[in-house]
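Worksheet: one structure, shown below.
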Amino acid sequence: MRLQLSPELASFREEMRTFFTTQVPQEIRDTVAARRDLTKEQLVESMRTLNAAGLAVPHWPVEWGGRGWTPLQMHIWREEMQLACVPEPLPFNASMIGPVIAAFGSQEQKERFLPATANIDIWWCQGFSEPDAGSDLASLRTTAVRDGDDWVVNGQKTWTTLGQHADWIFCLVRTDPTAEKKQRGISMLVFPMDSPGVTLRPIELIDGGHEVNEVFFEDVRVPAENLVGEENRGWDYAKFLLGNERVGIARIGATKRLLSQAKAYAREVTVDGRPLAAEPRMAARIAELENELLALELTALRVVAHSTDGKPHPASSVLKLRGSELQQAATELVVDIAGPLSVSSFADGGSAVPDWARVATPEYLNYRKVSIYGGSNEVQRTIIAGTILGL
Amino acid sequence: MDFTFDSEQHDLREAVRGLLERAYGDAEHRRRVTGTDPGFDEKTWARMAEMGLLGLPFAEEHGGMGAGPIEVAVVAEEIGRVLAPEPFVEAVVLAGGLVAAAGTDEQRAEVLGGIAEGTTLAAVAHAEPGTRWSPSAVAVTATRDGDSWTLSGVKEPVLNGARADVLVVSAVVDGGTSLFLVRGDAAGLTRTGYRTHDGGRAAHVRLDGTPAELLGESAADRTAQVEQVLAQARIAYAHEAIGSMDTALRTTADYLKTRKQFGVTLNRFQALTFRAADMYVSLELARSTALWASMVQDAGGDVVAAADRARLQTSRAGRHIGKEVIQLHGGIGVTAEYSIGHHTSRLTAIDHLLGDGEWALSRLAADVDAHDTVDPLGAPYTR
């Protein structure tokens, strides 16, 4: 048992740190540090910078741009990226559809899509959730009916994140409504968002931003060759994809970064002439969050060190559950530090309220999502109780 | 980076587990043992000595095994798993640790050798009524007369103080706190033993001009050494608590699968399974932190800070799990006949013996501005 990184891993970490802090444009990292939304152009530029250096999709098969890294190297890559305020590679491309096509797509699909996906020449969005199929995803109702060489798609998707930027969608559709188990009659189709019959409607969120959408399909014709893998096997691909999504969802590096920023904010705000950071209750709250984050980071290291043949460790549900709670606790802390300043969310450039206090509440409200997406925390508790405790 | 036991540590764990499960697999036996003085089983203690456990962390030239904090952690976790009442952490890590840290070579060879062989039960008389978790003595004073010393004052609670063959006593000297050895049969030593809520034994110890042997060459201030050894004991206690929490959670999960209410087993109720899942989260986070603290100690890092971090996490987890396992059992959970409540009792004792979570948190909070982020990897951890 030994905590220190090997010299090789220590220099790997240094290499990552140097790249992220010197090669990704400062302005992009400043935007992330300021916790402001990135533009589409910034996200694309950042991912292409990573891709040019072979750092956008290191977990893919080597043949398609992967690096064959160990889980611990992947962990270090991700944490250093977050600590350096580098936007993570677009998850829909890098963690979701890319690995699915690499694992289950035809050779033709791999050649057609994978390089473009790694370089974000295609911006993908996810068409999974529906109004009546969230955590119970298998209840989805969007249908695809075979008509000659095409599939004809009808139905509705929702919570389609950043769909307004997307070129293509990967979509779960019901292809066999008579299947005995509802999971068995689902397939995965990919098609362009500008196909006739696709309509996108933005959903405004409580943080005032526009990040998710509803997507409607009316007689959308999708060529048969756009079926990923086999017909009626879509559920297997979705489970594979969601398993990938859970890894790295704890975002420990990002929360660590936010806590260190929170300390700086608490030194900036004064209470009766003394810095808020000097209040014992505030100092204790920050210290406790730091300790919980340390415990989570150590648990993540245990999990990555023990994960074998690429399968997620059963305790990875702990990472999603606790990681999301700590992300939320950190954003709540920042709102509390901002105090009355936190109401000035939509003040313009002429406001005397510092920028960090203005973004505090929208971020806090937006972060309610992290205990819902990627398998809600209740789903994670069900997994822990069932697969680990045998209940 | 490596979180796995090597083969020797694995074998050690299996051997200790075998010994302690034979001794305490039957909870009734533990009740009998803790119901009779000295509150632990001298035969089991002797077997632990034979196995080399009682000299585990001491240097080989002092009769020990020369093992490190990971091996200590392995033993402590197994102790906690079955709630073995044998005072491993108290006698070996704490009392032995102080002698190892402050004693002369002669004292080390004698006292540590005796502890390792199981012939000397050592106890630490450090806590004083009205004080909390200080590394210093407050009211017990040491007086010098030529080459000899006498001690006066009251120490309490002194774990295993009545049974101990030798007491390691802290006392106020000019400019600080020194450590002394007091033999069980010393003149002017009064020990009144009693049972603690977790089945252990403690004592009120009165020193009244009691002759004592200075530990070490000089009456130097030992506060920093006491703080170091207390930190090592806190980490060992964290592992003992992990073992106890692990058993308590597993016992509760088994209970939920068998106990029926409203015609179905309790694991059919999501309100209960979710609470069990949350306990698992608490346990694994505490386990990671305790393992990390042992690795920091092993690497020669800042053991005091690491112990505070492990203490905070384990205290929170111990309270969470200790309370929930009783609630999920229902009424049987608060009966003395059933095992689960004894885990809660022991977890509560561990929490309060050397500094609880709030206390550790206040120490960490005082330091929170001294670093930007906490990085557990790489060089030995410092604040």
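Treat the numbers as computed from the prediction; the structure is a model and nothing was measured. Here is how names work: the chains are called A, B, and so on, in the same order as the sequence lines, proteins then strands, and each is numbered from 1.
Dense packing is recorded around NZ of A:K369, with more than 12 heavy atoms of other residues, nucleotides or ligands lying under 6.0 Å away. Heavy atoms of other residues, nucleotides or ligands lying less than 6.0 angstrom from CZ of B:R268 number 12 at most. Summarising the local packing, CD of A:Q26 is surrounded by more than 12 heavy atoms from other residues, nucleotides or ligands at distances under 6.0 Å.
Note on B:R250, B:R287, B:Q9, B:Q270: by heavy-atom pairs under 4.5 Å with chain A, the leading option is B:R287. Contact tally against chain A (heavy-atom pairs below 4.5 Å) for B:V368, B:T373, B:L291: the top residue is B:V368. For the set A:T382, A:L321, A:T299, the count of heavy-atom pairs under 4.5 angstrom toward chain B peaks at A:T299. The greatest number of non-hydrogen atom pairs below 4.5 Å with chain B, out of A:A10, A:A264, A:A295, is found for A:A295. Your options are A:I384, A:L72, A:L298, and the one with the most heavy-atom pairs under 4.5 Å with chain B is A:L298.
Here the straight-line distance linking atom CG of A:L391 with atom OG1 of B:T273 works out to 6.5 Å at 0.5 Å rounding. One finds the CG atom of A:L293 at 10.5 Å from the CG atom of B:L285 (value rounded to the nearest 0.5 Å).
Taking both residues in full, the closest heavy atoms of A:A385 and B:A277 are given as N-CB, 4.2 Å, listed atom of the first, atom of the second, then distance. Looking at every heavy atom in both residues, B:D298 comes nearest to A:M1 through OD2-O, 4.4 Å. The nearest pair of heavy atoms linking A:L389 to B:K257 is O-NZ, 3.5 Å. Closest approach of B:V374 and A:E297 over heavy atoms only: O-OE1, 4.1 Å. The two residues A:L3 and B:P376 come nearest to each other via the heavy atoms CD2-O, 2.8 Å. Among all heavy-atom pairs drawn from B:D375 and A:K256, the shortest one is CA-NZ, 4.3 Å.
The pair A:R302-B:E284 meets the salt-bridge criterion, since a charged nitrogen lies less than 4.0 angstrom from a carboxylate oxygen. We find that A:K263 and B:D372 are not joined by a salt bridge, their nearest charged nitrogen and carboxylate oxygen being 4.0 Å or further apart.
Contact annotation for A:S6: only backbone heavy atoms (N, CA, C, O) come within less than 4.5 Å of a heavy atom of chain B. When heavy atoms are compared at a cutoff of 4.5 Å, A:A284 approaches chain B by way of both its backbone and its side chain. Only the side chain of A:I388 has a heavy atom closer than 4.5 Å to any heavy atom of chain B. Contact annotation for A:R322: only side-chain heavy atoms (C-beta onward) come within less than 4.5 Å of a heavy atom of chain B. Within the 4.5 angstrom heavy-atom criterion, no atom of A:R285 approaches chain B. B:F5 touches chain A through backbone and side chain together, each having a heavy atom under 4.5 Å away. In this structure, chain A has no heavy atom under 4.5 Å from any part of B:L272. A:L301 touches chain B through backbone and side chain together, each having a heavy atom under 4.5 Å away. In this structure, chain A has no heavy atom under 4.5 Å from any part of B:D254. Neither the backbone nor the side chain of A:Q261 comes within contact range of chain B; no heavy atoms are under 4.5 Å apart. Using a 4.5 Å cut-off between heavy atoms, B:S362 does not touch chain A at all.
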* To do: Please report the C-alpha distance between B:L377 and A:Q4 in whole Å, then the side-chain angles of each, then the deciding distance to 0.1 Å, and finally whether the side chain to side chain contact (heavy atoms under 4.5 Å, CB included) criterion is met.
  => CA-CA 6 Å; B:L377 285 174; A:Q4 284 93 333; over 6 Å; no
* Working for side chain to side chain contact (heavy atoms under 4.5 Å, CB included), residues B:R316 and A:E288 -> CA-CA 11 Å; B:R316 294 283 194 262; A:E288 179 138 32; 2.6 Å; yes
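Using a 4.5 Å cut-off on side-chain heavy atoms (C-beta onward), B:D369 and A:R267 make contact.
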